[in-house]
Amino acid sequence: TCGKMASPAEISEYKEWFDVQLNKTMEFWMSHSIDHKHGGYYNCLGITGDIYDKTKYGWMQGRQVWMFAKLYNEVSLYRRPDVLDAAIKGGEFLLDSVKVKGEMRCYFAVTEDGRPVQLQRKPYTECFYVMGLAELYRATLETNYQIAAEEMLQQLIHWICIDDSGLGRPKHAGTPPTRELGRPMILLNVISEFCGKNETLRAKYMNQIQWSIENMLLHHDGSWIHEHISLLGGYPEGCIGRLSTPGHAIEGGWFLLQEATIRGDQTLIETAIRQFIEIPWSYGWDKEFGGFYYFLDSDGHSPIQLEWNMKLFWPHCEALIAALMAYKTSRDTKHWLMFKQVFDYTLSHFPDNENGEWFGYLNREGLINQTFKGGPYKGCFHVPRSLLLCRQLLQELHT
């Protein structure tokens with residue numbers, strides 16, 4: 001894999017593509033998803049932005065608040081009253097309707113007007129609640145957002161690091177004691193987002209940041225990223241222990257790389273790039289049709305997940321960030337080639353140039369499987385976050 005370093009002209013051209021895509025994507029969400037009457041956002045948007053279901057999903061509400069507030073805070077083009085207003089509409093909806101009254105919990109789904117529909121026995125809605133409110137605090141300097149975010153963060157730390165029985169998932173006699181990669185990984189990301197550049201906050205939560213890193217590292221064995229570890233050591237028996245989600249591993253890779261870069265930890269930089277980005281990239285890429293598989297089994301068995309060989313939008317979004325971040329760190333041309341590889345696949349398969357935003361779910365051959373632009377797990381987050389972070393990384397490479 002010998003190749004040329006990225007030229008300034010090339011970097012500039014890529015940055016322009018990310019700028020255009022970001023603007024088209026945000027125009028889609030600004031136009032179609034904001035509920036001006038009840039607050040919050042419609043998530044279930046069809047190919048042209050039509051609302052096909054009015055249920056509001058907690059993950060997506062928190063993530064969209066974060067996205068609007070992040071753009072308002074970091075990109076001059078989005079430092080506009082309508083963007084801030086959209087972020088506040090979502091933040092207030094999080095406080096009033098997504099959070100369970102009188103409890104440190106969040107609903108996974110609520111009705112259009114904010115009545116509870118479903119509670120998940122997982123900590124993820126709460127994670128995005130924290131991220132959204134923390135970024136909204138930076139946009140507004142309204143301390144109630146910061147206080148609400150930190151209260152929920154304390155609860156999250158308890159569930160993820162100490163005891164998750166409060167989430168209500170029963171422990172049966174035969175259930176193996178396991179932990180999924182998502183737990184330490186999301187905690188690292190949430191704390192990183194909550195603290196931002198505030199060194200006092202980073203110092204306050206440094207033990208939890210350290211815990212997250214150490215526990216993420218347990219998921220790699222040198223040649224595979226296991227989605228689950230056994231709390232007794234090693235990996236659980238059966239399918240669960242052999243499962244890998246390449247896109248998730250790669251996303252974890254850039255979370256680790258970002259933290260390692262902040263602290264100038266060369267060993268962690270190398271582990272993040274080699275173990276969490278390069279290795280899952282090499283086994284996760286479909287050599288016949290291109291794109292990343294969704295799930296794989298380390299022994300080569302057919303994964304039991306029916307969608308195992310589908311090509312989903314978000315692993316490709318995360319791989320774009322990870323490859324660029326690796327290249328910026330290493331200046332190794334192989335990372336630039338990895339970026340170009342996933343860019344070419346992404347560009348030719350996911351964006352809907354006619355109606356805006358991206359298709360989310362393709363079959364193995366790369367044909368569109370679901371035409372909707374937003375659903376319970378696809379919203380205003382992975383695509384625009386990837387576009388924003390890539391344009392920022394390209395800007396830094398350019399200068």
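Remember, predicted model here, so these are calculated numbers, not experimental data.
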Rounded to the nearest 0.5 Å, what separates atom CZ in F276 from atom CD1 in I225? 4.0 Å
Would K15 and E396 satisfy salt bridge (charged side-chain N to carboxylate O under 4.0 Å, His left out), going step by step from the backbone distance to the final call? CA-CA 11 Å; K15 185 182 170 293; E396 289 160 14; over 6 Å; no
Say whether Y145 and E92, considering side chains only, have a donor N or O and an acceptor N or O under 3.5 Å apart. yes
Measure from the side-chain N and O atoms of D85 to the backbone N and O of P81, and report whether any donor-acceptor pair falls under 3.5 Å. no
For the backbone of F289 and the side chain of D286, can you confirm whether one donor and one acceptor N or O come within less than 3.5 Å of each other? yes
Looking at K101, I want to see if its NZ is surrounded by more than 12 non-hydrogen atoms of other residues, nucleotides or ligands under 6.0 Å. yes
Taking the six-membered ring for Trp, are Y294 and W314 parallel (under 30°), tilted (30 to 60°) or perpendicular (over 60°)? perpendicular
Set out, in order, the CA-CA distance, both residues' side-chain angles and the distance that settles side-chain contact (heavy atoms from CB on, under 4.5 Å) for L387 and W358, then state yes or no. CA-CA 12 Å; L387 296 169; W358 293 13; 4.0 Å; yes
For the residue pair F350 and H316, does the interplanar ring angle fall in the parallel (under 30°), tilted (30 to 60°) or perpendicular (over 60°) class? tilted
Would you call F108 and V117 a side-chain contact if the rule is heavy atoms closer than 4.5 Å? no
Ionic contact status for K70 with E74, cut-off 4.0 Å: yes
Classify the ring geometry of F194 against Y205: parallel below 30°, tilted from 30° to 60°, perpendicular beyond 60°. perpendicular
For S386 and H382, indicate whether the former's side chain and the latter's backbone hold a donor-acceptor pair under 3.5 Å. no
Using a strict threshold of under 4.0 Å (side-chain N to carboxylate O), is an ion pair present between K204 and E150? yes
Would you say the side-chain atoms of Y78 and N23 include a donor-acceptor pair closer than 3.5 Å? yes
Would you kindly say whether Y235 and S298 are connected by a side-chain donor-acceptor distance under 3.5 Å? no
Under 3.5 Å donor-acceptor, K171 side chain and S165 backbone: no
Rounded to the nearest 0.5 Å, how far apart are CG of D164 and CD1 of I162? 11.0 Å
If you apply the rule side-chain hydrogen bond (donor to acceptor under 3.5 Å, both in side chains), what do you find for T178 with H228, and how did you get there? CA-CA 6 Å; T178 60; H228 300 89; 5.7 Å; no
Report yes or no: does R105 contribute a side-chain atom to a donor-acceptor pair with the main-chain N or O of Q120 at less than 3.5 Å? yes
M67 and L388, any side-chain heavy atoms less than 4.5 Å apart: yes
Pairwise side-chain contact, N43 with S33, heavy-atom cut-off 4.5 Å (strictly under): no
Other residues, nucleotides, ligands: >12 heavy atoms within 6.0 Å of E354 CD: no
Heavy atoms only: give me the nearest G375-M60 pair and the separation to one decimal. O-CG, 3.9 Å
Validation row: L362, I368 side chains within 4.5 angstrom (heavy atoms): yes
What's the separation between atom CH2 in W159 and atom CG in L187, rounded to the nearest 0.5 Å? 12.5 Å
Less than 6.0 angstrom separating the ring centers of W66 and F381, yes or no? yes
Would you say CG of L141 has more than 12 non-hydrogen atoms from neighbouring residues, nucleotides or ligands within 6.0 angstrom? yes
Any Lys/Arg nitrogen of E180 or R183 sitting under 4.0 Å from an Asp/Glu carboxylate oxygen of the other? yes
Heavy-atom closest pair (L153 atom, V130 atom, distance to 0.1 Å) is N-CG2, 3.7 Å
Atom pair CG (L257) and CD1 (I250), whose distance is rounded to the nearest 0.5 Å: 13.0 Å
Side chains of T371 and D352, heavy atoms from C-beta outward: is any pair under 4.5 Å? no
Where do E135 and R63 land on the salt bridge (charged side-chain N to carboxylate O under 4.0 Å, His left out) test, with the steps shown first? CA-CA 10 Å; E135 198 61 42; R63 286 169 158 188; over 6 Å; no
So, does D332 use its side chain to make a donor-acceptor pair with the main chain of K334 at under 3.5 Å? yes
Do M30 and F68 have side chains that approach each other closer than 4.5 Å (heavy atoms only, starting at C-beta)? yes
Check: S12 side chain, P8 main-chain N or O, donor-acceptor pair, under 3.5 Å: no
Closest contact, heavy atoms only, C44 versus Y57: SG-CE1, 3.8 Å
How about Y361 and F372: are their ring centres within less than 6.0 Å of each other? yes
Exam field: side chain K373 to backbone G46, donor-acceptor pair closer than 3.5 Å: no
Between R391 and V75, what is the shortest heavy-atom contact and its length? NH1-CG2, 3.9 Å
Is it the case that one hydrophobic cluster holds both W308 and L367, taking links as side-chain heavy atoms less than 4.5 Å apart, direct or via other members? no
With side-chain contact (heavy atoms from CB on, under 4.5 Å) as the test, would you mind laying out the steps for H248 and M185 before giving the verdict? CA-CA 9 Å; H248 203 215; M185 190 170 138; 3.3 Å; yes
Please lay out, stage by stage, how E288 and R364 fare under the test salt bridge (charged side-chain N to carboxylate O under 4.0 Å, His left out). CA-CA 10 Å; E288 190 178 348; R364 185 184 171 199; 3.4 Å; yes
May I have the step-by-step check of side-chain contact (heavy atoms from CB on, under 4.5 Å) for K56 and Y107, ending in yes or no? CA-CA 10 Å; K56 291 173 178 169; Y107 293 110; over 6 Å; no
Shortest non-hydrogen contact between M26 and C380, atoms and distance: CE-SG, 3.7 Å
Lys/Arg N to Asp/Glu carboxylate O, E10 vs K4, below 4.0 Å: no
Which value, rounded to the nearest 0.5 Å, describes the distance between H226 atom NE2 and T245 atom OG1? 12.0 Å
Give, for atom SG of C127 and atom CG of N189, the distance between the pair rounded to the nearest 0.5 Å. 9.0 Å
Checking side-chain contact (heavy atoms from CB on, under 4.5 Å) for the pair L397/L324: CA distance, chi angles, key distance, verdict? CA-CA 9 Å; L397 280 168; L324 265 188; 4.1 Å; yes
Does a side-chain heavy-atom distance below 4.5 Å link M104 with M152? yes
Ring geometry between F339 and F343 (parallel below 30°, tilted from 30 to 60°, perpendicular above 60°): tilted
Within the distance-only criterion (no hydrogens, no angle test), does the side chain of Q61 pair as donor or acceptor with the backbone N or O of Y41 below 3.5 angstrom? yes
Run the ring-centre check on W281 versus F292 and record whether the distance is less than 6.0 Å. yes
Could you walk me through whether R385 and E251 pass salt bridge (charged side-chain N to carboxylate O under 4.0 Å, His left out), step by step? CA-CA 12 Å; R385 175 175 76 169; E251 181 184 20; 2.8 Å; yes
Would you name the heavy atoms of E237 and I240 that are closest together and state the gap between them? O-CG2, 3.6 Å
So, do W336 and Y14 have ring centers that fall under 6.0 Å from each other? yes
